[in-house]
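Contents: one structure, followed by commentary.
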There are 2 protein chains.
Amino acid sequence: MQTEELRCCGDFHERANLDKWIEILQSTGLKLTAPRHVILEFLHKQSHPITNREIYNGISNDCDLASVYRSINLFIKIGFVQQFDFGDGIARFELIEPGLDSHHHHIVCTDCSKVIEIDHCFPNSLTETIEKHTGFSRITHKLEFFGLCSECK
Amino acid sequence: MQTEELRCCGDFHERANLDKWIEILQSTGLKLTAPRHVILEFLHKQSHPITNREIYNGISNDCDLASVYRSINLFIKIGFVQQFDFGDGIARFELIEPGLDSHHHHIVCTDCSKVIEIDHCFPNSLTETIEKHTGFSRITHKLEFFGLCSECK
DNA sequence: ATTTAATTGCAAATGGATTGCAAATGGTGT
DNA sequence: ACACCATTTGCAATCCATTTGCAATTAAAT
Ligand SMILES: [Mn+2]
Ligand SMILES: [Mn+2]
Ligand SMILES: [Zn+2]
Ligand SMILES: [Zn+2]
């Protein structure tokens, strides 16, 4: 991994125009409702994984918090959104381009919660070994790094 | 990683006699109470990470569920217990030998929840690289694998 | 045995997430 | 434009893991 390879969260996601997601949404027979549109729009602007409540606050109560949860769960099911767990019991989400391999990880400051992307996925290269030695198949994983960022050191 | 290197959970933990933990507990000025003793004893018998409720059921209501939570939180603080997150929103714990490097991971069957130990920790070798490229220090991580076990395939 | 701070049991509270249901809505066809 | 209707929403209630306030209990030291 070289320094110049490091990309910020925005470089991973949100490459395409919002219309891309909207078209897919409508082509599936699902409704493009006001809540879904505004949530999609807000996710599209983010550069880091955010919580349901952050979305709710970010769209200034344009829809009910329960609808945020329901929309996000839908977006996960149709592959619009990826969920991350930073260990504090609150799920975090980021918009991804459907169909693309957006698998990656983060490093989170344990002091100020600053997030930086880790664009490589190291455990992938070990999947075959683990398959062979455990008998498991269709192996996935969850990996997040934690530490003190340069400001909090 | 060779096949003969694979160890089950019991080989990792619970090597020492229960007295080892009890002595350390008392030497710290903490009380050896009935709940703590029975919980420690139960943890000592396990071969996989277990939840607070599983402990509570396993000791057949020998103490209150809140006391299980409190004891486990204490055990974490003094380094007796290690916490794992298998992604279902329920914390899991296993007894470790205090002072020893017990850092390891698991692979969990997404169908039957069977757990197998992964005794190597691959991301450790990448910590230095991540430090250099993110500016973070004191880096830790959480990594768990998921998949279908041989019976559920 | 007495003392005292630590610990427990019990019940209530917390907080993220889900859900039942009646009202609202967007997409489709007229 | 309008009517239709399955989907979706808002709202409130609920769920469930975990935490907490407090009075009663208890381990350990004197
Ligand atoms: Mn990201
Ligand atoms: Mn283990
Ligand atoms: Zn920081
Ligand atoms: Zn299985």
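Predicted model only: the values in this text are computed from it and were never measured.
Closest approach of Glu94(B) to Glu117(B), counting heavy atoms only: OE1-OE2, 4.1 Å.
Not one side-chain nitrogen or oxygen of Tyr69(A) sits closer than 4.0 Å to the OP1 or OP2 atom of dT18(C).
For the pair Tyr56(B) OH and dT8(C) P, the computed distance is 14 Å after rounding to whole Å. Atom-to-atom, CD of Gln26(A) to P of dA6(D) comes out at 20 Å; the value is rounded to the nearest Å. The NZ atom of Lys77(A) sits 12 Å away from the P atom of dT7(D) (whole-angstrom rounding). We find that CG of Asp88(A) is positioned 14 Å from P of dT18(D), with the value rounded to whole Å. The CD1 atom of Ile59(B) sits 11 Å away from the P atom of dT8(C) (whole-angstrom rounding). Atom pair Ile90(A):CD1 and dT14(C):P shows a separation of 17 Å (rounding to whole Å applied). Between the C1' atom of dG9(C) and the CG atom of Asn61(B) lies a distance of 12 Å, rounded to the nearest Å. Atom CZ in Phe86(B) sits roughly 17 Å away from atom C1' in dA17(D) (whole-Å rounding).
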Please tabulate, for side-chain N and O atoms in residues 142-153 of chain B, each donor-acceptor pair with protein atoms closer than 3.5 Å (sequence neighbours left out).
residue, atom, partner, partner atom, Å
Glu144(B), OE1, His106(B), N, 2.8
Glu144(B), OE1, His106(B), ND1, 3.4
Glu151(B), OE1, Lys114(B), NZ, 3.0

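Here the side chain of Ser67(A) pairs no donor or acceptor atom with the backbone of Cys63(A) at under 3.5 angstrom. Under a 3.5 Å cut-off, the side chain of His37(A) and the backbone N or O of Pro35(A) do not form any donor-acceptor pair. When atom types are taken as modelled, the side chain of Thr127(B) and the backbone of Asn124(B) share a donor-acceptor pair closer than 3.5 angstrom.
Take the nearest nucleotide of DNA chain D for Asn52(B) and for Leu32(B): the residue whose nucleotide is more 5' is Asn52(B).
The side-chain contact (heavy atoms from CB on, under 4.5 Å) with Leu43(A) is formed by just one residue from the set Ile72(A), Ile96(A), Ile59(A); it is Ile72(A).
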Identify each atom pair where a protein N or O and an N or O of nucleotides 8-11 of chain D are less than 3.5 Å apart, giving names and distance.
residue, atom, partner, partner atom, Å
dT8(D), OP1, Arg36(A), NH1, 2.8
dT8(D), OP1, Arg36(A), NH2, 3.2
dT8(D), O5', Arg36(A), NH2, 3.2
dT9(D), OP1, Thr33(A), OG1, 2.8
dG10(D), OP2, Asp64(A), N, 3.0
dG10(D), OP2, Ser67(A), OG, 2.4
dG10(D), N7, Arg70(A), NH2, 2.8
dG10(D), O6, Arg70(A), NH1, 3.4
dG10(D), O6, Arg70(A), NH2, 3.4

